[in-house]
Amino acid sequence: EKGVQVTNPLPLSAVILAAGKGTRLRSTLPKVLHSVAGKPMLEWVLQAARVAGCEHIYVVVGHGAEQVQDEISADDVTWVLQLEQLGTGHALLQVKDHLKSATTLLVLSGDVPLVTPETLDRLAVAARSNWGSMVIAEMEEPGSLGRVVASQNGNLERIVEVADATAEELENPWINAGIYALPAPGIFDFLCDLKPDNAKQELYLTDALTAAADDGKSLAMVALEEAEEAFGVNDRLDLARVHGVLLRRKAESLMKEGVSILDPSHVVIEADVEVGRDSVLHPGVSLTGRTRLGEGCIVHQGAWLRDARLGDGVLVQPYSVLEEVEVGDACQIGPFARMRPGAVMKERAKIGNFVEVKNSELGAGVKANHLAYVGDATVGENSNLGAGTITCNYDGLGKHPTEIGKDVFVGSDTMFVAPVRVGDGAMTAAGSVITKDVPAGALAIERSEQKNIEGYGQRKLERRKARKK
Ligand code: UD1
Ligand code: CA
C-alpha cells in the first residue's frame with residue numbers, strides 16, 4: 001500500500017445478505033442453500049470473507065432462516081434476522097444494532113458466490129483511501145444486474161436497477177456486483193433515509209449509495225478483470241453457470257498441480273477433493289465430497305467417487321461407484337464395480353466387474369475378479385474369491401459376519417451363510433453352500449455327487465438330427 005493515503009484505517013467486518021427468498025429459483029430450499037460445486041452458495045461466500053481476514057462476520061437471514069442456520073455450521077458467524085424482506089438496504093440496516101464500534105463493512109451477497117479473497121483485498125484497500133468502495137464489472141450480457149454510472153473523477157455517481165432503468169441506461173455494460181466496502185456507522189444514515197419509491201417497492205441498498213455519492217462521499221469503483229466473478233444466482237440458469245465456473249476453477253488448479261485431466265469440461269471435481277500428481281482423470285469422472293486420490297492414480301470414464309480415499313497408483317476402471325471407502329496402493333477396481341460405505345481394500349487387492357463390496361475388508365493382494373457380493377466380511381491377504389462368491393450376510397432379521405483367513409481359495413459360486421469362518425489356507429469347492437466353519441487348510445465341499453448317464457447326450461443329438469431330415 002505504498003503511496004496510498006490511508007484515511008480510513010478501520011478494522012474489517014463482513015456482512016452477508018442472505019435473507020431473500022430467491023423466488024425465481026422456484027424452490028422449497030432457501031436460495032443461499034442451493035449447492036454449487038458441492039457446497040451451499042452461502043458457504044462459498046463465507047469462505048471468501050474468512051480468507052479476507054474479517055474480524056466479525058454477520059449473516060442476515062430471513063427466508064428459511066432456521067434451515068439456513070442449521071445447514072451452515074459456523075461458530076464464527078453472528079446471525080442477524082431480517083423478519084420481512086424489504087430490500088437489500090433494509091437487510092443491511094438490520095446489522096446496525098449488532099455493531100459495537102466503528103468498522104469497515106465488507107458487504108457481500110449470499111447469491112454472488114464466485115467472489116475471491118483477492119478481490120475483497122483490493123476492495124478493502126480502495127476503501128481505506130475513500131469513503132467506501134464497490135466492485136464493478138463490464139459484462140457482455142449484464143442481464144438483471146444493476147448498472148453503474150461513474151462521475152467525472154471515476155467514482156460512483158449512481159446505480160440504476162434494471163426494473164427502473166431506461167432503454168438507454170440498459171445499454172451500459174458496467175454492472176454493480178453487489179459487493180461493497182462501506183463505513184459503519186456512516187452508511188446507516190443513508191440507509192435510514194431510504195424510501196421504497198421504485199419499481200420493486202423495496203429499500204434498495206444501491207439507492208443509499210447513490211444518495212451518499214450525491215452527498216459528496218467518494219465511492220471508489222474496483223473493476224474486475226474476470227467479469228464472471230460477479231455472476232449472481234437469481235434463477236437455475238445462473239446456478240448452472242456459477243457451478244460451471246467453480247468446477248473449471250477446481251480443474252484448472254489441479255492441472256497446475258500436476259494432475260492430468262483429459263477433458264476438463266467433462267469432469268465434476270468438488271471443492272474439497274484432493275488429487276495427487278501424475279494422476280489421470282478421464283472424461284465423465286465425478287470426484288465428490290472429501291475424496292482423496294494419491295499419486296499416479298488412473299480413473300476411467302464414468303467412475304463416480306464420494307468420500308473415497310485412494311492410495312497411490314490405484315486403477316479405477318470405467319463406470320465404477322465408490323462411496324465412503326478406503327483403497328490401498330496399487331489396487332485395481334472395476335469396470336462396473338461397486339464399493340459401498342465401509343469397504344476397505346488393502347494394497348494390491350483387486351475387484352473386477354460386477355463385484356459389490358460393503359462394510360468389509362479385503363486384505364493385501366486379495367482378488368475377487370467377477371460377479372461377487374462381499375458384505376460384512378473380512379478376507380485375509382492373498383485369498384481368492386471365485387466368480388459368483390456371495391456372503392449371505394442377512395437372514396431377514398440381522399446382519400452377520402463372514403471371516404475368511406489368508407491364502408484361502410474360494411471356489412466359484414460359493415455361498416457363505418453367515419456367521420461363518422474359514423481358516424487360513426482352506427479351500428471351498430465350486431457351488432458349495434458353506435454353513436459351518438471350515439478349519440485351516442481344509443477343503444469344504446457341499447454338493448451332491450455327480451451322476452453320469454452314458455450315451456444319453458448322443459442319443460438326444462441323433463434324434464434331433466433325424467427329425468430335421
Ligand atoms: C442486487 C443489486 C444490484 C446488483 C446485484 C448483484 C440492489 C437493489 N440491487 O440486485 O444492483 O447488480 O444485486 O448481484 O441491491 N436480500 C436480503 N434481504 C432483502 C432482499 C435481498 O437479505 O430484503 C439478499 C438476497 O438474499 C441476496 C442479496 O440480498 O442474497 C441480493 O438480493 P437480490 O434480490 O438478489 O438483488 P438483485 O436483484 O440481484
Ligand atoms: Ca441477486
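Bear in mind that the values here come from a model prediction, so they are computed numbers and not experimental data. Counting convention: from 1, in listed order, for ligands and their atoms alike.
- For the pairing with Asp376, the side-chain hydrogen bond (donor to acceptor under 3.5 Å, both in side chains) check across Lys358, His400, Lys399 returns one residue only, Lys358.
- Every atom of ligand 1 is numbered from 1 in the order shown, and the set under 4.0 Å from a heavy atom of Ala177 is 6 (C), 14 (O).
- Taking 3.0 Å as the threshold, Ser109 does not count as a candidate ligand of the Ca ion (ligand 2), since none of its N, O or S atoms lies below it.
- Put simply, the residue from Thr288, Val285, Leu293, Val327 that forms a side-chain contact (heavy atoms from CB on, under 4.5 Å) with Leu305 is Leu293.
- Those atoms of ligand 1 that come under 4.0 Å of a heavy atom in Gly146, given as number and element, are 3 (C), 4 (C), 11 (O), 12 (O).
- Checking Thr206 against Glu161 by side-chain atom types alone, a donor-acceptor pair falls below 3.5 Å.
- Distance check on atom 7 (C) of ligand 1: some protein heavy atom falls below the 4.0 Å cut-off.
- Set against the non-hydrogen atoms of Val112, the atoms of ligand 1 under 4.0 Å away are 14 (O).
- Which parts of ligand 1 touch Ala19 is read off a 4.0 Å heavy-atom cut-off, strictly below it: atoms 17 (C), 18 (N), 22 (O), 26 (O).
- Checking atom 13 (O) of ligand 1 against the protein gives no heavy-atom contact under 4.0 Å.
- Of all the atoms in ligand 1, the ones that sit under 4.0 Å from a non-hydrogen atom of Lys200 are 38 (O).
- We find the CD-OG distance between Glu274 and Ser279 to be 12.0 Å, quoted to the nearest 0.5 Å.
- Compare Gln85, Gln82, His63 by their heavy atoms: the one nearest to atom 18 (N) of ligand 1 is in Gln82.
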Checklist line | Residues Glu252, Arg248; criterion salt bridge (charged side-chain N to carboxylate O under 4.0 Å, His left out); working and verdict | finding: CA-CA 6 Å; Glu252 283 176 5; Arg248 199 200 66 220; 3.3 Å; yes
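- Within the 4.0 Å heavy-atom shell around ligand 1 one finds Thr206.
- Side-chain contact between Asp272 and Lys39 is present, with at least one heavy-atom pair separated by less than 4.5 Å.
- The aromatic rings of Phe190 and Trp131 sit perpendicular to each other, their planes meeting at more than 60°, with 30° as the lower class boundary.
- The shell of residues lying under 4.0 angstrom from ligand 1, judged by heavy atoms, includes Gly87.
- The closest approach between a heavy atom of Arg147 and any atom of ligand 1 is not below 4.0 Å.
- Taking 4.0 Å as the cut-off between side-chain N and carboxylate O, Glu141 and Arg241 do not count as a salt-bridged pair.
- Glu324 has a carboxylate O that lies under 4.0 Å from a charged side-chain N of Arg306, or vice versa, which qualifies the two as a salt bridge.
- Nearest-heavy-atom check against atom 32 (O) of ligand 1 across Thr88, Leu92, Asn234 picks out Thr88.
- Of all non-hydrogen atoms in Asn172 and Val148, the two that sit nearest each other are ND2-O, 2.8 Å.
- Put simply, OH on Tyr204 and OG1 on Thr88 are 8.5 Å apart, with the number rounded to the nearest 0.5 Å.
- Given atom 30 (O) of ligand 1, the protein heavy atom at minimum distance is Leu17 O, 2.8 Å.
- Below 3.5 Å of separation, one finds no N or O of Glu84 facing any N or O of ligand 1.
- In this structure, atom 4 (C) of ligand 1 lies nearest to the protein heavy atom Asn176 O, 3.2 Å.
- When the options Leu29, Leu42, Leu33 are evaluated for a side-chain contact (heavy atoms from CB on, under 4.5 Å) with Glu71, the one that passes is Leu33.
- At a heavy-atom distance under 4.0 Å, only side-chain atoms of Glu161, from C-beta outward, approach ligand 1.
- Atoms of ligand 1 found under 4.0 Å from any heavy atom of Leu145, numbered from 1 in the order shown, are 5 (C), 6 (C), 12 (O), 14 (O).
- Among heteroatoms of the N, O or S kind in Asp111, OD2 lies nearest the Ca ion (ligand 2).
- Atom CG of residue Leu224 and atom CD of residue Glu118 lie 11.5 Å apart, to the nearest 0.5 angstrom.
- Put simply, the side chain of Pro401 does not reach to within 4.5 Å of the side chain of Thr378, judged on heavy atoms.
- Under 4.0 angstrom from ligand 1, there are no non-hydrogen atoms of Ala230.
- Counting the atoms of ligand 1 from 1 in the order shown, those under 4.0 Å from a heavy atom of Gly20 are 16 (N), 17 (C), 22 (O), 25 (C), 26 (O).
- For atom 37 (P) of ligand 1, the nearest protein heavy atom lies 4.0 Å away or farther.
- In terms of polar-atom proximity, Asp111 is counted as a contact of ligand 1, with an N or O under 3.5 Å from an N or O of the ligand.
- Each of the atoms 35 (O) of ligand 1 lies under 4.0 Å from some heavy atom of Lys31.
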